[in-house]
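Here the structure is laid out as structure tokens; the discussion comes afterwards.
Each chain gets a letter, A, B and so on, in the order its sequence line appears, and its residues count up from 1.
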Amino acid sequence: MDFDIIIKAQVIEAIKNLYSADVHEKQVQLQLTRKEIEGDFTLVVFPFLRMSKKSPEQTAEELGTYLVDKVAEIASFNVIKGFLNLEIAEKYWIAFSKQAYGQKSFGTVEATPEAEKVMVEFSSPNTNKPLHLGHIRNILLGDSITRILKANGKNVQAVNLVNDRGIHICKSMLAWQKWGEHATPDSSGLKGDHLVGDYYVKFDQEYKKEIKQLVEDGFDEKKAAKEAPLLLEAQAMLRSWEKKEESVYSLWQKMNAWVYDGFAVTYKQMGIVFDKTYYESETFLLGKQLVLDGLEKNILIKKEDGSVWADLTKDKLDEKILLRSDGTSVYMTQDLGTAHQRFADYDLDRHIYVVGNEQNYHFQVLKIVLKKLGFDWAEHLFHLSYGMVELPTGKMKSREGTVVDADDLIEEMIATAKTTSMELGKLDGLSDSEIEEITHTIALCALKYFILKVDPKKTMTFEPKESIDFNGNTGPFIQYTYARIQSILRKAEELGYSTDYADDLSNLEEKESQLVKTIYNFPAIIKEAGANLSPALIANYVYDLTKEFNQFYHDISILKEENEQLRSFRIALAELTGNTIKTAMSLLGADVPVRM
RNA sequence: GGUCCAGUAGCUCAGCUGGAUAGAGCAAUAGCCUUCUAAGCUAUAGGUCCCAGGUUCGAGUCCUGGCUGGAUCACCA
């Protein structure tokens, strides 16, 4: 039922027979015909003019005649300039619909043990503050590409790497000790990550005060920033932590546990599941040996003060430090180690890091250093770099309080979904728990779709008003269409209408065949989204599909159709559209409600 | 300054490996609820695809140079 594959093969045959020339499959440009033009598939004939030595129109004409003659599926053709438009006989489209209708999740591929093994790392939060809008983009992208790769039949593991150690968490800990008054999530009523985050902010405020005081006392500003007592104290705390001193270590465990509880709630709200969570406290010592080995082989260089560097000037980059003069690891060292470990442990074919574009340089270096160290698999590291999320007022800055908190945002979306639904009277007669469930589904879908529909690479503007708008190109619009389809199906069942139809059905309406063609294209879109790691392709596809169905819905009555065969076909087509929407949305991590 | 990324309608964004007359939504204007859910549909209006060259049958898409905006170039992570 792969029309495009059949046609391509026949075109190659045709060129051979007509013009005695061999063409490669890549030269055969076959695309879906534009909506306004008659036909289903369009062959671009320009590349073949060299062989035919005839005008574009003539060449197209000859190829068209040949194909209609040889390929049963092709009913007719027309030529516009250098474009040969081929029309598939209706009965084949109908047969295709039937076949697709019979599949559970049409378009997706089941994983096999031999399939590619991919690890996707995303989220990667720090434990000193709650998740914000930037994390949301990261998490949604990571989750979605995990799902898309699975739909492409890959063996995928979604992993989180928690940055649970370092000076940042010591700052929160110190502030808690000094000004916390034994506050806990229970006693304060705050979510653990928010509580800890508040102390991080508190630290920063007090630290700023100290700097100001020092400057007033005549210190140079830089010096003041480096020598403020609070900072020195935090640094001392980090040293104590590295020595695993009991008091510091247990406080660290306690506060991190609060944060994890808080994160767990947010992940659950968002419907995110990880196969495994890594902690930097357990991995930050990895990689040192790799660096020392590299030093021994003279791949890396040691400076007079004892620090170890990679010279990347030949790669048009700078020198990069890998071990400090005191022999301790840096961020890069750790990443060298974890990558090595993961490839060794899981025999990975590919490793994808979902990390913001501010770290492009880091991953560029990571890859080059690993290659220099002689690891061939470095080629299979991929940094899925995404752009920042900005607000209409500019960048998000935690210090200026312009950060959009993840939990607040989700809560606000749910509240808006509820009031909007109420106003429209959509929730009348439903129980409280049903209302909860539906509004949650709508809110999350709105958020996910809003974020995922834009190309990951691009910096995006987060317009609060627009993100919460449920009209037009939005998640809820898609959900709404799905809900309407379900409503049709319920009624069809009530009336006892069947979805079985004969193969020889014909005379489909324009909108119907357009819909079938769009659905036909779904597997190709999934493949492409998998290859490009782009949920945006899925999002834009499902929006198109939804729009098409809506037009169809308004133009053509389904249940009132008198012709039983045609009616059955339309009901089945509606269901197929619904299933396709559902599958596509699931690739974005979004659910579709049965009613709304 | 070096490197990387982006620039498409008033705004937010699509536009797949170069293909036909550059598309949606929002905002604006005008219509459509005795009908399978109006979170919808239809119509109108809105464009120097940042600029200039080049490659070719054909460039929003590829190449070169510029302009604008962003990221990054720490013994931070």
### Query
If we require ring centres under 5.5 Å and near-parallel planes under 30°, does Tyr361(A) stack on U3(B)?
no
### Task
Measure from the side chain of Lys458(A), starting at C-beta and using heavy atoms only, and say which of G19(B), A39(B), A6(B) lies closest.
A6(B)
### Query
Could you give the CG-to-P distance, from Leu452(A) to G25(B), as a whole number of Å?
21 Å
### Query
Do Tyr331(A) and Gln359(A) meet the criterion of a side-chain donor-acceptor pair at a distance under 3.5 Å?
yes
### Task
Answer with base, sugar-phosphate or nothing: what part of the nucleic acid does Ile37(A) contact at a heavy-atom distance below 4.0 Å?
base
### Message
By the 4.0 Å heavy-atom rule, please label Asn521(A) as base, sugar-phosphate, or nothing.
### Response
nothing
### Query
With sugar-phosphate meaning primed atoms plus P, OP1 and OP2, does Met460(A) contact a base, only sugar-phosphate, or nothing at under 4.0 Å between heavy atoms?
sugar-phosphate
### Task
Report yes or no: is the ring centroid of Phe46(A) under 5.5 Å from the six-membered base ring centroid of G19(B), with the two planes under 30 degrees?
yes
### Message
By the 4.0 Å heavy-atom rule, please label Phe477(A) as base, sugar-phosphate, or nothing.
### Response
sugar-phosphate
### Task
Describe the nucleic acid contact of Ile556(A) in one word from base, sugar-phosphate, nothing, applying a heavy-atom distance below 4.0 Å.
base
## Note on the structure
Closest to the side chain of Glu528(A), out of G19(B), A6(B), C16(B), is C16(B)
### Counter-base of U72(B), judged by Watson-Crick or G-U geometry with both distances under 3.5 Å
G2(B)
### Message
For a quick check, tell me whether the side chain of Asn471(A) and the base of A27(B) share a donor-acceptor pair closer than 3.5 Å.
### Response
no
### Task
Side chain of Gln29(A) only, please: which of G19(B), G15(B), G40(B) is the nearest?
G19(B)
### Query
Mind checking who U34(B) pairs with, Watson-Crick or G-U wobble, both distances under 3.5 Å?
none
### Query
Which nucleotide, A20(B), G25(B), G19(B), lies nearest any side-chain atom of Arg34(A)?
A20(B)
### Cationic tip of Lys302(A) above Trp309(A) ring, under 6.0 Å, 45° of axis
no
### Message
How long is the straight-line distance from CD of Glu280(A) back to CG of Leu161(A), given to the nearest 0.5 Å?
### Response
5.0 Å
### Summary
Taken to the nearest whole Å, CD1/Ile558(A) to P/U35(B) is 17 Å
### Query
Between atom CG of Leu300(A) and atom CG of Leu292(A), what is the distance when rounded to the nearest 0.5 Å?
9.0 Å
### Query
If you look at every strand shown and take non-hydrogen atoms under 4.0 Å, does Val454(A) touch a base, only sugar-phosphate, or nothing?
sugar-phosphate
### Query
What is the nucleic acid contact for Ala483(A), judged by heavy atoms within less than 4.0 Å: base, sugar-phosphate only, or nothing?
base
### Message
Counting only side-chain nitrogens and oxygens, does Lys491(A) get under 4.0 Å of the OP1 or OP2 atom of U35(B)?
### Response
no
### Query
For Glu390(A) and Ser325(A), take the nucleotide of RNA chain B holding the closest heavy atom to each; which residue's nucleotide lies nearer the 5' end?
Glu390(A)
### Euclidean distance, Leu149(A) CG relative to Leu533(A) CG, rounded to 0.5 Å
6.0 Å
### Message
Can you confirm whether the side chains of Asn160(A) and Tyr278(A) place a donor and an acceptor under 3.5 Å from each other?
### Response
no
### Task
Remember a base hit wins even if backbone is also touched, and classify Lys560(A) as base, sugar-phosphate or nothing at under 4.0 Å, heavy atoms.
sugar-phosphate
### Query
Base, sugar-phosphate, or nothing for Leu317(A), non-hydrogen atoms under 4.0 angstrom?
nothing
### Query
Between the base of U17(B) and the side chain of Lys26(A), is there a donor-acceptor distance below 3.5 Å?
no
### Message
Using O4'-C1'-N9-C4 for purines and O4'-C1'-N1-C2 for pyrimidines, with syn meaning within 90° of 0, is C33(B) syn or anti?
### Response
syn
### Query
So does Thr474(A) reach the base of A39(B) with its side chain, donor to acceptor, closer than 3.5 Å?
no
### Task
Select base, sugar-phosphate, or nothing to describe what Asp455(A) touches, counting heavy atoms under 4.0 Å on all strands.
sugar-phosphate
### Message
Using a 4.0 Å heavy-atom cut-off, does Ser421(A) contact any base of the nucleic acid, only the sugar-phosphate backbone, or nothing at all?
### Response
base
### Task
Indicate whether Phe83(A) forms a stack on A20(B); treat it as stacked only if centroid distance is below 5.5 angstrom and interplanar angle below 30 degrees.
yes
### Task
Report which part of the nucleic acid Tyr553(A) touches: base, sugar-phosphate, or nothing (heavy-atom distance under 4.0 Å, all strands).
base
### Query
Excluding sequence neighbours, so at least two apart, what forms side-chain hydrogen bond (donor to acceptor under 3.5 Å, both in side chains) with Tyr543(A)?
none
## Note on the structure
Picking from C5(B), U12(B), A77(B), the nucleotide nearest the side-chain atoms of Gln359(A) would be A77(B)
## Note on the structure
In Watson-Crick or G-U wobble terms, with both distances under 3.5 Å, the base opposite C62(B) is G54(B)
### Message
At 4.0 Å (heavy atoms only), tell me whether Ser487(A) reaches a base, stays on the sugar-phosphate, or touches nothing.
### Response
base
### Query
Looking across every strand, which nucleic acid part, if any, lies under 4.0 Å from Glu280(A) by heavy atom: base, sugar-phosphate, or nothing?
sugar-phosphate
